[in-house]
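Single-structure report; data block below.
Every chain is numbered from 1 and lettered A, B, ... according to where its sequence line falls, protein lines coming before strand lines. Computed from a predicted structure; not experimentally measured.
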Amino acid sequence: MKDALRSRLTDILRELHYPSVDISFERPKVEAHGDLTTNVAMMLAKPVGKNPRQVAQSIVDKLDPSAFRLSKVEIAGPGFINFTFDGASVVERAKEILVRGAAFGRTEAGKGRKTNVEWVSANPTGPLHSGHGRQVVLGKAVASLLEWTGHDVTKEYYFNNAGNQMRTLGESIYARYRQQLGDDYPLAENAYQGEYIVDIAREIVQANGETLRETDDERSFFRKYGEEWCFKRIKETLTRLGVRHDVFYNEDSLYASGKITEVIDEFRKRDLAYDSEGAVWFRATRFGADKDRVIVKGTGEPTYRLPDIAYHREKFRRGFDLIVDIFGADHIATIPDVLNGVQALGYETKDVKVIIHQMVSFVNGDEVVKMSKRNANVYTLDDLINEVGVDAVLYFFVMRSAGTHLEFDIALAKEQSDKNPVYYLQYAHARIASILRHAVQSGVPAADAAALAATTDFSLIGAKEELDLLKKLLEFPETVESCALSFEPHRLTTYLREVAESFHRFYHEHRVINDDPKLMQARLAVCTMAKTVIANGCTILGVSCPEKM
RNA sequence: GCACUCGUAGCUCAAUUGGAUAGAGCGUUGGCCUCCGAAGCCAAAGGUUUCGGGUUCAAGUCCCGACGAGUGUACCA
């Protein structure tokens, strides 16, 4: 419908001998401005040499509103052309919601583009802490949106079980192990302080007694044990949030397969790497950086940059044509290095989308919750889930745009009341479910959505609140698409809140269960549509939508 | 110091990516249940979008500067 209108407008521009311009529509925020608006007249005013309202008038004169099922076309403000849909056409289009059901909202905008989304990627040195929650949830929502828009998505977790951090982990566990055995053994300055290290050590004592007191310098057993323990914890936490990665990519495999040295060689060949002060440097300044970067330390070990670059190249080699990375703001420094490296190796950085999310602070009502890493009792993501529930975690972490700092109010999140935005949405769904149950109890035969679409007399739908709701529901596919293409899942939560609001208004004004069987069926169909959209939206986010609450 | 991100109602945040009268929730004030779920609805109050310039038909949004906040600025990841 939009496309038909666009094509007619394009023709009109040609007939009027106006320059051809891209015709875009927007959805006015003010209700009085109709359902769609275009600014073409304003774009053309200058080249045509007329004032925008005159240009608009000349276009409108040539348009037949009834051909596009428009009840109104008017020129307003500085030169906008506003279109209002005929109510019957809205109702007509809304049938699609019933027909497509759980698939309503899915599109093919991504055209099967092979996409890699990498996120979480925490090294297995401890359980995920509450701050990780934002990353976990954001990545899940982004991946899900990309799937809904027809991308071929691989969900990936990148980790390193070989570096310094793992050495520290092994050392920390060993120290706690010795302490458990009653030995006076010091915990190193840089050791992991968390209580979970003591738990791990205790487990080891229980299983092995003191047989491991003498161990190799690498603390191999402790390292391995710790890695497995931590990874198990991490994966359990992810599972609770409905996150399942397709690939766990081990940084170590890049060394084993020679991909690291390959990058160094290639850099040298292109004069992008050189030796100095016993280290190997990358000429980052060639790409606008303030100084060159070390990629291999004096000790012979690469810095984190080198494997990161090699890893991204491998993603390209594996055939991905869209690479999405999700990083916290604390890792922002790595991004230019990776992008520069990728570019140096001849790949397009525009195919790498880096989503950076700002940090999270936690409050409990008025009280600021301190989450210092030094604190032995870290507030883990599991603790947070236990406290506020899965749905609140999924919703709260994604309801703000990634670019702004997020304040997570624990007291609000666990409050089971109208103050809590998750409940507002879930309540709407449960309310609809309740109405549908009620209808069945009052003797209305339960009809599935397809039957409703086929047998309902939709001409009975036409009240303002009904049309407003249906129009809002019909926005769902384009909302999903636009959230996906802009990588901004928070806008989905905004939209879903509006849907719920629109439903509640409809509900308040119109009785669904009533004496007129045909009218009742029509309104039950509207309810089913609203339920479908809310459910589909919640599915994208992973939030549950209960039939009762 | 430098780089990146941000600055919108008392608080937490939106704003269709440059569009018309800047909107929600919480909080405050006042209405609405003999009726399908009041975890709901309606209404009121609350703003020089941190400040100052610029770009254009149009700026919260883009550019420059100032101020303020966060995060980085390693041969840690």
Q: For A/A430, answer base if it contacts any base atom (sugar-phosphate contacts may also be present), sugar-phosphate if it contacts only those atoms, and nothing otherwise; contact means non-hydrogen atoms under 4.0 Å.
A: base
Testing B/C57, B/C36, B/G70 for proximity to the side chain of A/V512, the answer is B/C36
Q: Verify side chain to side chain contact (heavy atoms under 4.5 Å, CB included) between A/T125 and A/T168, making sure each step is shown before the conclusion.
A: CA-CA 9 Å; A/T125 59; A/T168 306; over 6 Å; no
* Just call it for A/L406: base, sugar-phosphate, or nothing, with non-hydrogen atoms closer than 4.0 Å on any strand. => sugar-phosphate
Which of B/G37, B/U12, B/A74 is nearest the side chain of A/E407? It is B/U12
Closest non-hydrogen contact found for A/P124 with A/L169 is O-CD2, 3.5 Å
Exercise. Under 4.0 angstrom, heavy atoms only, what part of the nucleic acid is A/Y424 near: base, sugar-phosphate, or nothing?
Worked result: sugar-phosphate
For A/L412 and A/N420 the tightest heavy-atom approach is O-ND2, 3.1 Å
Distance alone, cut at 3.5 Å: any donor-acceptor contact between the side chains of A/Y304 and A/N160?
no
*B/U50 to B/G40 separation - C1' atoms, rounded to the nearest Å*: 38 Å
Assess whether side-chain hydrogen bond (donor to acceptor under 3.5 Å, both in side chains) is satisfied between A/T456 and A/Q521, documenting all intermediate values.
CA-CA 6 Å; A/T456 300; A/Q521 183 178 338; 3.0 Å; yes
So what does A/H331 touch, heavy atoms closer than 4.0 Å: a base, only the sugar-phosphate, or nothing? base
* Asked: Given the P atoms of B/C63 and B/G25, what is the spacing between them in whole Å?
  -> 32 Å
_Salt bridge or not between A/E251 and A/K259? Use side-chain N to carboxylate O under 4.0 Å._
no
Here RNA chain B, pairs taken as Watson-Crick or G-U under 3.5 Å and shown with ( ), [ ] when crossing and | when to another strand, reads (((((((..((((.....[...)))).(((((.......))))).....(((((..]....))))))))))))....
- Query: Is the NZ or CZ atom of A/R305 both under 6.0 Å from the centre of the six-membered ring of A/F282 and within 45° of that ring's axis?
  - Reply: no
When rounded to whole Å, the CZ to P distance for the pair A/F327 and B/U71 reads 19 Å
Practice task
May I ask you to say what A/A76 touches in the nucleic acid, namely base, sugar-phosphate or nothing, with a heavy-atom cut-off under 4.0 Å?
Solution key: base
Discussion item. Looking at A/R6 and A/D22, is any side-chain nitrogen of the basic one under 4.0 Å from a carboxylate oxygen of the acidic one?
Written reply: no
*Think A/K29 has a side-chain N or O under 4.0 angstrom from the OP1 or OP2 of B/U16?*
no
**Asked** What integer number of Å spans the C1' atoms of B/G47 and B/C42?
**Response** 24 Å
Whole-Å distance, A/F282 CZ to B/A74 P, equals 17 Å
- Task: Using only side-chain N and O atoms of A/K291, determine if any of them is under 4.0 Å from OP1 or OP2 of B/A74.
- Result: yes
Report task. With heavy atoms under 4.0 Å as the rule, sort A/K46 into base, sugar-phosphate or nothing. Result -> sugar-phosphate
Which of B/A38, B/G40, B/A14 is nearest the side chain of A/S401? It is B/A14
Side-chain atoms of A/R437 come closest, of B/G19, B/G40, B/G37, to B/G37
Span that lies between the P atom of B/C2 and that of B/C26, in whole angstrom = 44 Å
Should A/H33 be listed as having a side-chain N or O under 4.0 Å from OP1 or OP2 of B/U16? no
**Message:** Base, sugar-phosphate or nothing for A/G403? Non-hydrogen atoms, less than 4.0 Å.
**Reply:** sugar-phosphate
Rounded to whole Å, the CG-P distance (A/D330 to B/A77) equals 14 Å
Is the backbone of A/H129 close enough, under 3.5 Å, to the side chain of A/H132 for a donor and an acceptor to pair up by distance? yes
Rounding to an integer number of angstrom, what distance separates B/C41 and B/A59 when you compare their P atoms? 35 Å
The residue, A/S486 or A/E547, whose nearest nucleotide of RNA chain B is more 5′ is A/S486
Is the distance from OP1 or OP2 of B/A14 to the nearest side-chain N or O of A/T404 less than 4.0 Å?
yes
Would you say that more than 12 heavy atoms from the other residues, nucleotides or ligands in this model lie under 6.0 Å from the NZ of A/K518, or not?
no
Which is true for A/A279 with a 4.0 Å heavy-atom rule: it touches a base, it touches only sugar-phosphate, or it touches nothing?
base
Open item on the list: Using a heavy-atom cut-off of 4.0 Å across all strands, would you classify A/N82 as base, sugar-phosphate, or nothing?
Closed with: base
Across the strands shown, which category fits A/M399 at heavy-atom distances under 4.0 angstrom: base, sugar-phosphate, nothing?
nothing
Nearest heavy-atom contact between A/A279 and A/V294 is CB-CG1, 4.1 Å
- Query: Hey, is A/D35 close enough to A/K471 for a salt bridge, meaning N to O under 4.0 Å?
  - Reply: yes
From CG of A/N420 across to P of B/G27 the rounded distance in Å is 12 Å
- Message: Could you check whether the side chain of A/T303 and the base of B/A77 have a donor-acceptor pair of N or O atoms closer than 3.5 Å, going by distance alone?
- Response: no
Practice problem: State whether A/S361 places a side-chain N or O below 4.0 Å from either non-bridging phosphate oxygen (OP1 or OP2) of B/G70. | Solution: no
Review point. Which part of the nucleic acid, if any, lies within contact of A/H510, taking any heavy atom under 4.0 Å across all strands shown: a base, the sugar-phosphate backbone alone, or nothing?
Key: base
Review item, nucleotides 23-25 of chain B N/O atoms under 3.5 Å of protein N/O:
{"unit_1": "B/A24", "atom_1": "O2'", "unit_2": "A/R497", "atom_2": "NE", "d": "3.1"}
{"unit_1": "B/A24", "atom_1": "O2'", "unit_2": "A/R497", "atom_2": "NH1", "d": "3.4"}
{"unit_1": "B/A24", "atom_1": "O2'", "unit_2": "A/R497", "atom_2": "NH2", "d": "2.9"}

Next on the checklist: I'd like to know if A/N39 reaches the base of B/A20 with its side chain such that a donor and an acceptor end up less than 3.5 angstrom apart.
Outcome noted: no
What distance, rounded to whole Å, do you find between the two C1' atoms, one in B/G27 and one in B/C11?
8 Å
Next on the checklist: Give me the distance, rounded to whole Å, that separates B/U49 from B/C4 when you measure between the P atoms they each carry.
Outcome noted: 26 Å
Here the distance between atom P of B/A77 and atom CD1 of A/I260, to the nearest Å, is 12 Å
Whichever of A/L36 and A/E251 has the more 5' nearest nucleotide on RNA chain B, that residue is A/L36
Out of B/C41, B/C75, B/G37, minimum distance to the side chain of A/E277 belongs to B/C75
Rounded distance in Å between the C1' positions of B/C75 and B/C62:
40 Å
Expected label for B/C4 (glycosidic angle, syn inside 90° of 0, else anti) would be anti
| query | Under a 4.5 Å cut-off applied to non-hydrogen side-chain atoms, are A/H357 and A/R400 in contact? | reply | no
A/M42 atom CE is separated from B/A20 atom P, nearest whole Å, by 9 Å
Atom CG of A/L425 and atom C1' of B/G40 are separated, to the nearest Å, by 14 Å
Is any side-chain N or O of A/R505 closer than 4.0 Å to OP1 or OP2 of B/C42? yes
* Under 4.0 Å between any heavy atoms, over every strand shown, what does A/N514 touch: base, sugar-phosphate, or nothing? Just pick one. => nothing
* Asked: Would you find a donor on one side and an acceptor on the other, under 3.5 Å apart, between the side chain of A/S130 and the backbone of A/L384?
  -> no
note: A/L412, atom CG; B/A39, atom C1'; distance rounded to Å ~ 13 Å
